[in-house]
Amino acid sequence: MKLAYWMYAGPAHLGTLRVASSFKNVHAIMHAPLGDDYFNVMRSMLERERDFTPVTASIVDRHVLARGSQEKVVDNITRKEKEERPDLIVLTPTCTSSILQEDLQNFVNRALTLKDSHADVLLADVNHYRVNEFQAADRTLEQIVRFYIEKAKRKNFDFSKNQKISANILGVFTLGFHNTHDCRELKRLLTDLGIEINEIIPEGGNVTNLCNLPKAHFNIVPYREIGLMTAMYLKNEFQMPYISTTPMGILNTAQFIREIETVLKTFIQNSSDYSNSQKQKNSFAEEAAKILQKDFQKYIYEQSRFVSQAAWFSRSIDCQNLTGKRAIVFGDATHAASMTKILSCEMGIRVVCSGTYCKHDADWFREQVRGFCDEILITEDHSQVGDMISRLEPAAIFGTQMERHVGKRLDIPCGVISAPVHIQNFPLGYRPFLGYEGTNQIADLVYNSFTLGMEDHLLEIFNGHDTKQILPKIQLEDGSLEWSKDALEELSRIPGFVRGKVKRNVEKFARQNNKLFITLELMFAAKEAVNA
């Protein structure tokens with residue numbers, strides 16, 4: 001079996017399902033044919049959670065095609081409402097079932113007239129042909145928040161601000177890259193600053209509490225891929241400021257904290273906009289002033305020096321050995337942009353190419369990485385990324401699971417920094433990428449990615465294995481080229497972490513000179529040509 005097509009971002013319905021299943025007591029029903037219902041398997045395999053609400057598949061089969069889907073969809077909605085007693089049921093088609101062009105909103109309306117409980121039913125308002133997984137997730141979260149805010153408005157809900165300065169964290173959801181660990185680190189950082197957490201959505205949140213979102217004083221959007229639409233909606237409706245700087249790396253984390261400080265200072269100046277009584281105005285101003293009594297710059301200095309070891313490590317001899325090394329970065333917009341800045345600004349590593357598969361966020365990405373890398377690549381085609389890596393031959397790659405596979409094929413070490421990922425990037429231990437503890441994890445990842453390539457060389461030096469046994473295992477990339485025994489022996493003496501690059505250069509030289517048989521003399525000629 002071979003991979004037919006690799007997608008960095010999945011289809012739209014995956015984003016909707018990820019948001020719905022992140023909330024507590026929310027049930028998702030997917031109107032789809034057999035083959036599209038793999039979400040439950042994927043989540044149970046990767047997230048390693050003890051308990052989660054599985055997605056129900058309303059299967060489109062030949063009987064449905066013959067008489068229409070209404071009866072089956074309505075029956076599934078009413079049945080799950082009785083069995084699960086959820087607060088919300090989210091119905092979503094897939095790209096495949098959308099071809100039928102059925103009026104699913106009419107099915108939802110009919111189900112609402114038949115059921116006799118408190119559960120709400122929503123049809124995901126997503127164009128499955130035009131948006132990807134992340135765009136759909138962002139839109140679905142905003143739709144659910146808007147629905148419950150509007151519902152609270154009709155009931156004249158009191159949206160008054162909390163007495164204590166608090167923040168919402170928007171966009172932490174299931175199957176995200178280290179999202180739960182990042183959320184813990186963000187909570188620790190905000191607690192250190194004296195700021196309370198109001199709501200965290202969608203992961204672990206309740207839709208019945210979404211009416212409390214406007215009670216916070218500002219919002220935090222750690223990832224651009226999900227949460228921005230919700231933050232913009234809350235800003236337009238309730239004048240809530242939001243911070244979208246990702247606190248990844250020493251410099252960005254410091255910038256994130258300074259932005260919180262700016263928001264609090266602005267809040268003191270404009271406290272009259274957030275309350276109705278003079279007593280409330282004074283109370284809010286006093287609470288913000290208490291937090292600002294903490295020297296934010298001193299906090300940044302202490303955390304950078306005593307909690308994060310990355311600043312010290314970047315000045316150590318180990319990290320200085322990486323200065324000028326060539327690296328490639330590719331991933332989602334948030335992690336790829338942040339990682340590019342970390343490598344370039346904090347570690348002195350040359351980023352020869354930085355790229356993302358988030359084509360919908362291409363302008364923002366270019367603005368963020370311009371000046372920190374030699375090339376910028378915006379593509380959803382994994383083969384273009386593989387060709388770019390082969391052409392540039394970096395010392396290390398920082399990308400997704402796909403770049404990890406490419407690195408293995410080309411014998412280039414790769415550190416995974418972005419989804420899509422495999423199960424090893426859903427660790428049971430605490431491994432955040434955000435905040436000051438996250439800087440330590442990133443420093444380890446970078447250093448180990450570069451130095452791991454020396455393992456074969458060290459094993460050879462200390463007789464860890466017999467080089468004669470390795471000889472037959474050296475695989476030729478091009479079947480048309482043949483190596484002499486002397487040339488293979490010489491190749492085996494080259495340190496393992498550069499052997500692959502030397503081999504590719506020799507084969508390239510041989511093809512340029514129309515040589516099909518690589519001898520020892522040809523190897524030396526290739527070496528001279530490279531050094532010329």
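The two atoms that bring A12 and A136 nearest to each other are O-CB, 3.2 Å, heavy atoms only. Taking all atoms of both residues into account, the shortest heavy-atom contact from A337 to F365 is N-CE1, 3.6 Å. The nearest pair of heavy atoms linking T94 to A32 is CG2-CB, 3.4 Å. Nearest heavy-atom pair across L141 and G171 is CD2-N, 4.4 Å. Nearest heavy-atom pair, V351 versus F372, reported as atom, atom and distance to 0.1 Å: CB-O, 3.8 Å. Contact between I195 and L264 at its shortest, heavy atoms only, is CD1-CD1, 4.5 Å.
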Where do I169 and L190 land on the side chain to side chain contact (heavy atoms under 4.5 Å, CB included) test, with the steps shown first? CA-CA 11 Å; I169 300 177; L190 292 174; 4.3 Å; yes
Might you work through the side chain to side chain contact (heavy atoms under 4.5 Å, CB included) test for F23 and L210, ending with a clear yes or no? CA-CA 11 Å; F23 281 109; L210 293 179; 4.1 Å; yes
Kindly determine whether R224 and V221 satisfy side chain to side chain contact (heavy atoms under 4.5 Å, CB included), including the steps that lead there. CA-CA 7 Å; R224 288 188 61 80; V221 185; over 6 Å; no
Side chain to side chain contact (heavy atoms under 4.5 Å, CB included) assessment of V406 paired with V385: CA-CA 9 Å; V406 173; V385 181; over 6 Å; no
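In K153, the NZ atom is crowded: over 12 heavy atoms of neighbouring residues, nucleotides or ligands sit closer than 6.0 Å. In this structure, K215 places its NZ atom where more than 12 heavy-atom neighbours from other residues, nucleotides or ligands lie under 6.0 Å away.
Here the straight-line distance linking atom CG of N206 with atom NZ of K24 works out to 6.0 Å at 0.5 Å rounding. Considering CG of N212 and CD1 of I149, their distance stands at 8.5 Å, rounded to 0.5 Å. Rounded to the nearest 0.5 Å, atoms NZ (K80) and CZ (R85) are 14.0 Å apart. Between the CG atom of N76 and the NE2 atom of H31 there is a distance of 10.0 Å, given to the nearest 0.5 Å. Rounding to the nearest 0.5 angstrom, the gap separating the CD1 atom in I442 from the CD1 atom in I417 is 9.0 Å. Between the CD1 atom in I243 and the CD1 atom in I260 there is a gap of 4.5 Å [rounded to 0.5 Å].
With respect to E142 and R146, a salt bridge is recorded, a charged nitrogen being found less than 4.0 Å from a carboxylate O. Classification of E185 and R188 as a salt-bridged pair holds, one side-chain N sitting under 4.0 Å from a carboxylate O. E150 and R154 are not joined by a salt bridge, as no carboxylate oxygen comes within less than 4.0 angstrom of a charged side-chain nitrogen. Between E287 and K161 there is no salt bridge, since no side-chain nitrogen of the basic residue lies less than 4.0 Å from a carboxylate oxygen of the acidic one.
In the model, D87 has no side-chain atom that pairs as donor or acceptor with a side-chain atom of T208 under 3.5 Å. Looking at D158 and S160, their side chains do bring a donor and an acceptor atom within 3.5 Å of each other. Side-chain contact of S383 with D381: a donor-acceptor pair under 3.5 Å is present, judged by distance alone. A donor atom on one side chain and an acceptor atom on the other are not found under 3.5 Å apart for N132 and Y357. A side-chain donor from one of D182 and Y223 sits under 3.5 Å from a side-chain acceptor of the other. Looking at T334 and E225, their side chains do bring a donor and an acceptor atom within 3.5 Å of each other.
With T113 contributing its side chain and R110 its backbone, the two residues share a donor-acceptor pair below 3.5 Å. No donor-acceptor pair closer than 3.5 Å links the side chain of D138 to the backbone N or O of F134. Judged by distance alone, the side chain of T356 and the main-chain N or O of A333 form a donor-acceptor pair under 3.5 Å. In this structure, D332 contributes its side chain and H335 its backbone to a donor-acceptor pair below 3.5 Å. Panel note: side chain N168, backbone E199; a donor-acceptor pair is recorded below 3.5 Å. Using modelled atom types, one side-chain atom of S22 and one backbone atom of T174 make a donor-acceptor pair closer than 3.5 Å. Looking at E133, its side chain never comes within 3.5 Å of a backbone N or O of Y8 through a donor-acceptor pair. Not one N or O on the side chain of H422 forms a donor-acceptor pair closer than 3.5 Å with the backbone of Q401. Formation of a donor-acceptor pair under 3.5 Å by the H217 side chain with backbone atoms of S166 is found in this model.
Considering H27, E203, R43 in turn, R43 is the only one that fulfils the side chain to side chain donor-acceptor pair (under 3.5 Å) rule with S21.
Side-chain contact between S418 and T400: present, with at least one pair of heavy atoms (C-beta onward) separated by less than 4.5 Å. At least one side-chain heavy atom of I226 sits less than 4.5 Å from a side-chain heavy atom of V19. Between I342 and V446, every side-chain heavy-atom pair lies at or beyond the 4.5 Å cut-off. V131 has its side chain out of reach of R139: every pair of non-hydrogen atoms, C-beta onward, lies at least 4.5 Å apart. Looking at heavy atoms from C-beta onward, F147 lies in side-chain contact with D120 at the 4.5 angstrom threshold. Proximity of L14 to P11: side-chain heavy atoms (C-beta onward) are separated by under 4.5 Å at one or more points. Annotation: side chain of I291 is in contact with side chain of F296 (closest heavy-atom distance under 4.5 Å). Side-chain contact between L193 and Y299: present, with at least one pair of heavy atoms (C-beta onward) separated by less than 4.5 Å.
With sequence neighbours excluded, no residue forms a ring-ring contact (aromatic ring centres under 6.0 Å, His included) with H13.
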Please list, one pair per line, the donor and acceptor atoms closer than 3.5 Å that link side chains of residues 246-257 to other protein atoms, with sequence neighbours excluded.
from : atom 1 : to   : atom 2 : distance (Å)
T246 : OG1    : P222 : O      : 2.8
N252 : ND2    : T246 : O      : 3.4
T253 : OG1    : P247 : O      : 3.1
T253 : OG1    : G249 : O      : 2.6
Q255 : NE2    : E259 : OE2    : 3.3

